[in-house]
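Everything on this sheet refers to the single structure shown next.
In what follows, chains are A, B, ... by sequence order, proteins preceding strands, each numbered from 1.
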Number of protein chains: 2
Amino acid sequence: MPRAVIGRLSLYLRELEAFERRGETTVSSSLLGSALGINDAQVRKDLACFGQFGRPGIGYRIAELIRALRQILGIDRDWPTAIIGVGNLGRALLRYRGFRNRGFHIVALFDNDPKKIGQTVGGLVVQPLERLGEVAEELGLRLAILTVPGEAAGRVAELAAGCGIRGLLNFAPVTLTVPEPLSVISVDLSIQLENLAYRVLHEPNGGEAITD
Amino acid sequence: MPRAVIGRLSLYLRELEAFERRGETTVSSSLLGSALGINDAQVRKDLACFGQFGRPGIGYRIAELIRALRQILGIDRDWPTAIIGVGNLGRALLRYRGFRNRGFHIVALFDNDPKKIGQTVGGLVVQPLERLGEVAEELGLRLAILTVPGEAAGRVAELAAGCGIRGLLNFAPVTLTVPEPLSVISVDLSIQLENLAYRVLHEPNGGEAITD
DNA sequence: TAGATTGTTAATCGATTAACAATC
DNA sequence: TAGATTGTTAATCGATTAACAATC
């Protein structure tokens, strides 16, 4: 399944939830698509990858499609998640409510700074990185958010892979190459601003909105 | 120019800076590409869009290419930038050193919460949103980072457009549609985790690394 | 029934890769 | 010179869109 499709699935879900909040019960591919600037055929094609959710002449039943998408995306369950690197960004993400709403529960914090280890932040005690394996097993951690400095990221990613972590959301501005059963998604916030600056300089009329 | 090319330009720059720190002076398209998991022909093609930077038989001179990319991306200058929404994420981004290193200087904070207005955070006084236009003009603001709740994002984006802001880095989990000369790049952190969860569930051997 | 809208096939479009003459 | 590597063209690949029979 192309990664682009999965990215759009999340966007569909977000829009469907907005439609539902507005009291709608049904939505067509063209309405859902135009809310996101996506072609109606693409919406139908993306959804058809996973089953027959629509009814000709009627469209998609919102509640039903939301349920299906949550299951496909794997957010019909809880994901105990660790934050590795308790700096500014790590602390902010610990408190970010959007994660919890989606089933991503931050249940452990790690750092290698002796000054931070043992501190309680947001109700969690910061643990030394050496305990990652132990804690991961104990809490069933499969996901971790990596908010350490760039210099440390490679080493920590290796460590995480060895500790059974299966997915890493990396905020360090480096390319990580990690062994097989670990997946990495990197978000470089500076690069996002760079791309925005480019558009401001070179696309004087503004471009269409970019999502991720 | 395709947006994908611009995204890769930033990645090339990041890797080139790493090569330079390691003391290299020259790099080939295949070496630069393999550091990022990108085909060598693509590296050459991307760079050739903007000029003839390479020498056959030798490769690219790193210092020269860094300078050129910084100019193309528009980070050969300072970008005074505002943060709108002084919550956890806004505060964390205010202190994020990666922005400053790239020329993005946070010079103003805005919020509409009376409890926050007037507070000093990181040396800056939180101002009411109504002052955005005035301050934008005074400080030459063209970029803003939007870290307000989803419900407020649409309204604030409209306001920003009216105040001459030209680029918005949006962290609210909503689709923004804004008038013409404003560009928006949206980063939905929950969606990144959702995509990671999907991969962990459905790609048991891990996938290749995803950057943004 | 007529109108709306699906799932899906075929056509289009754009992006990636392979190949290679030119050249350091 | 021989080896390496570029810029660029042509070939390939994949993703997006148009079109339409099926159907609610």
Side-chain angles (χ1 to χ4, degrees), chain A residues 1-12 15-16 19 24-66 68-69 72 195 198 203 207-212, chain B residues 1-12 15-16 19 24-66 68-69 72 195 198 203 207-212:
Chain A
M1 189 59 52
R3 60 177 263 205
V5 174
I6 305 307
R8 287 194 296 266
L9 246 42
S10 285
L11 294 173
Y12 298 151
E15 287 307 319
L16 286 163
F19 278 113
E24 308 289 336
T25 60
T26 217
V27 70
S28 69
S29 57
S30 67
L31 196 56
L32 181 53
S34 69
L36 288 161
I38 290 174
N39 181 285
D40 62 315
Q42 181 147 88
V43 173
R44 295 197 296 279
K45 204 161 208 257
D46 286 346
L47 295 175
C49 291
F50 298 95
Q52 298 219 150
F53 300 111
R55 312 278 175 103
I58 294 185
Y60 297 87
R61 298 229 301 263
I62 289 173
E64 186 186 317
L65 188 52
I66 285 176
L69 287 179
I72 293 163
N195 283 219
Y198 177 88
E203 299 173 16
E208 92 285 25
I210 286 182
T211 304
D212 300 330
Chain B
M1 188 59 52
R3 60 178 261 204
V5 174
I6 305 307
R8 286 194 296 265
L9 247 40
S10 286
L11 294 174
Y12 300 149
E15 288 308 320
L16 286 165
F19 279 112
E24 308 289 336
T25 58
T26 215
V27 70
S28 68
S29 58
S30 67
L31 196 55
L32 181 53
S34 70
L36 289 161
I38 290 173
N39 181 286
D40 62 315
Q42 181 148 89
V43 173
R44 293 197 297 279
K45 204 160 208 258
D46 286 347
L47 295 176
C49 292
F50 298 95
Q52 297 219 151
F53 300 112
R55 311 278 174 103
I58 294 186
Y60 297 88
R61 298 227 303 261
I62 290 173
E64 185 186 316
L65 187 52
I66 286 177
L69 288 178
I72 292 162
N195 283 220
Y198 177 89
E203 299 171 16
E208 90 287 23
I210 285 181
T211 303
D212 300 334

- Roughly how far, to the nearest 0.5 Å, is CZ of R44(B) from CG of N39(B)? 8.0 Å
- Item | Close side-chain approach of L47(B) and Y60(B), heavy atoms under 4.5 Å | yes
- Query: To the nearest 0.5 Å, what is the distance between CG (D46(B)) and CG (L11(B))?
  - Reply: 10.0 Å
- Report the C-alpha distance between V27(B) and Y12(B) in whole Å, list the side-chain angles of each, state the deciding distance to 0.1 Å, and finish with yes or no for side chain to side chain contact (heavy atoms under 4.5 Å, CB included). CA-CA 11 Å; V27(B) 70; Y12(B) 300 149; over 6 Å; no
- Message: Considering every strand and a 4.0 Å limit on heavy-atom distances, what is the contact class for R55(B): base, sugar-phosphate, or nothing?
- Response: sugar-phosphate
- Task: Identify, between A4(A) and G57(A), the residue whose nearest nucleotide on DNA chain D lies closer to the 5' end.
- Result: A4(A)
- As its Watson-Crick or G-U partner within any shown strand, both distances under 3.5 Å, dT12(C) has dA15(D)
- Query: Looking at S29(A), does any N or O in its side chain come under 4.0 Å of the phosphate oxygens OP1/OP2 on dT6(C)?
  - Reply: yes
- Task: Would you mind reading off the distance between R61(B) atom CZ and dT5(D) atom P, rounded to a whole angstrom?
- Result: 16 Å
- Message: Is Y60(B) close enough to dG7(D) that one of its side-chain N or O atoms is under 4.0 Å from OP1 or OP2 there?
- Response: yes
- Query: Hey, are the side chains of I66(B) and F19(B) touching, using non-hydrogen atoms and a 4.5 Å cut-off?
  - Reply: no
- Item | N/O (side chain, R8(A)) to phosphate O (OP1/OP2, dA15(D)) under 4.0 Å | no
- Message: Can you tell me the base-pairing partner of dA21(D)? Count Watson-Crick or G-U wobble geometry only, both distances below 3.5 Å, and say none if there is no partner.
- Response: dT6(C)
- From the candidates dT16(C), dT6(D), dT8(C), the one with an atom nearest any side-chain atom of Q52(A) is dT8(C)
- Item | Integer-rounded Å distance: dG7(D) P and D40(B) CG | 12 Å
- Message: Counting only side-chain nitrogens and oxygens, does R44(B) get under 4.0 Å of the OP1 or OP2 atom of dG7(D)?
- Response: no
- Item | Spacing between M1(A) atom CE and dG14(D) atom P, to the nearest angstrom | 14 Å
- Query: Counting side-chain heavy atoms from C-beta on, which of dA18(C), dA22(D), dA18(D) comes nearest to P56(A)?
  - Reply: dA22(D)
- Of the candidate nucleotides dT8(C), dC24(D), dT9(D), which contains the atom at the shortest distance from the side chain of K45(B)? dT9(D)
- Picking from dA19(C), dT16(D), dT8(C), which would you name as closest to the side chain of Q42(A)? dT16(D)
- The answer to which of P2(A) and G59(B) contacts DNA chain D further toward the 5' end, by nearest nucleotide, is G59(B)
- Task: Round to a whole Å and report the spacing from CD1 of I58(B) to P of dA4(D).
- Result: 14 Å
- Over how many whole Å does the gap from E64(A) atom CD to dT6(C) atom P extend? 13 Å
